[in-house]
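To find a chain, count down the sequence lines: A is the first, B the second, and so on, and within it residues start at 1. Only a predicted model underlies this, so the values are computations on that prediction, with no experimental measurement involved.
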Protein chains: 2
Amino acid sequence: MVDRRDVALAHRLADAAGAAILPHFRRLDGVEVKPDATPVTAADHAAEAAIRRLLATERPDDGVLGEEFDDVVARNGRLWVLDPIDGTKAFTAGKPTFTTLIALFEDGAPVLGVIDQPYNRERWVGHDGGAWFNGRPLATRRGTPLARAVVSSTAPELFEAEADRAAFARVEREVAYLSWGGDAYAYGLLAMGCVDLIVEMQLKPFDLGPLAPIVEGAGGRITDWRGRPLGLASDGRICAGGDADLHAATLARLAG
Amino acid sequence: MVDRRDVALAHRLADAAGAAILPHFRRLDGVEVKPDATPVTAADHAAEAAIRRLLATERPDDGVLGEEFDDVVARNGRLWVLDPIDGTKAFTAGKPTFTTLIALFEDGAPVLGVIDQPYNRERWVGHDGGAWFNGRPLATRRGTPLARAVVSSTAPELFEAEADRAAFARVEREVAYLSWGGDAYAYGLLAMGCVDLIVEMQLKPFDLGPLAPIVEGAGGRITDWRGRPLGLASDGRICAGGDADLHAATLARLAG
């Protein structure tokens, strides 16, 4: 059972990040391209700094793992995992599908997750087997066969190796249709019952923290491509489905 | 000079479409997949019917070309071109980047365009060499070289033929980075100065009506891949840039 004070703090962290991000959204400031061609913005730094300031005050013994600053080692088995702006390319292009990701891990497992979209004022929260969108309980869509599944995936170029492209193609050719783009926002849409299936790869540890609490809290199933639960040591391959049957059918296609 | 009453009517048409669409957004109702694998929803039909009802009353002599119903032939050289939901895949997946597209053509040329996002309450309007976002004047980002360009394109599978894929690849390999997804919404982002360049293909006549008034009203340049102005007989290939230099550099890469 997640402590209610941790849930309340997670909301405050998301509020602080949003307040730091919005003044930068759709304004030209400090887009810098990292060696791996992903953009970093001043908003990333400002948002993660705002979250870390609150954590340092409110939970000085907890660890922090974030994309922009050095790790803080936990003294108590509790770790906050942060991605201040997930979907940085979408953010810098002005698309309102970037999000702030906040997760609390206890003893290596994610127990609380927040996906927050400050421009649209959309917040998904998951913990203790439940998930909520702006306070309203969520349920995935159930009983969708692969042939009728609405699929989301962030970008085709993430499937770099031929074997990964082939695995994805085996899924893609059987589904109803595919919508590109989305980043972590798409997992919120899956938890709401709009998207049935997400298959992607190259997610970083900070990208996947809140996904399992939210997707599973809404009744969906999320693992890596081999059916293993997501954790900080996951290989970045994700398969999320609205129910266990669709998820299992997809894993079978990915396996070949 | 577009008649102010036509601009006012275009706003009313967008309002009516949004009111028809929003009750369906993120609700499961009547997603049906057409033979070409694009989804149609009850919201498409409801929105276009709402626009057509207003046009039939307010502009009975004007023609109407829309995606969902039969054409109405113009008696006066004026044609309203409608796409009630552009980005239907995004819409059915719950992504707030679908839009309603409304354009007025006079003697074959688009003179007034609206891109409306009702969930986010975002409206881009262009006419008479100006463009506005929720009433605020817009300007594209100028002076961006190809190597620093933020590029948007809706979906890789739209580049079906090898020659088209190769043409796009010649652009893609020179730009800063690419964000997939967006549909017509991305042209609004280009007009705002967030996106520098859009290269895509397979746009339908109803998809491209408002793009030129908005992009050019904001100071950008938009043509087909051979530099010809967009019209109802365009081949669906679009190249839009924040300024004439970036646009010309891109056309040169597309030509090979």
Is B/E122 salt-bridged to A/K95, going by a charged N under 4.0 Å from an acidic O?
no
For the residue pair A/A93 and B/L189, what are the closest heavy atoms and their distance?
O-CD1, 3.2 Å
Scan residues 205-221 of chain B for pairs that pass side chain to side chain donor-acceptor pair (under 3.5 Å), counting only residues two or more places apart or in two chains.
none
Tabulate, in ascending numerical order, the residues of residues 162-174 of chain B having at least one heavy atom closer than 4.5 Å to a heavy atom of chain A, or enter 'none'.
none
Picking from B/T97, B/V195, B/N120, which has the most non-hydrogen pairs under 4.5 angstrom with chain A?
B/N120
Of the backbone (N, CA, C, O) and the side chain (C-beta and beyond), which part of B/F133 lies under 4.5 Å from a heavy atom of chain A, both, or neither?
side chain
Check whether any side-chain heavy atom of A/T92 lies under 4.5 Å from a side-chain heavy atom of B/S179, and answer yes or no.
no
Supply the atom-to-atom distance B/W180 CH2 to A/L158 CG, rounded to the nearest 0.5 angstrom.
11.5 Å
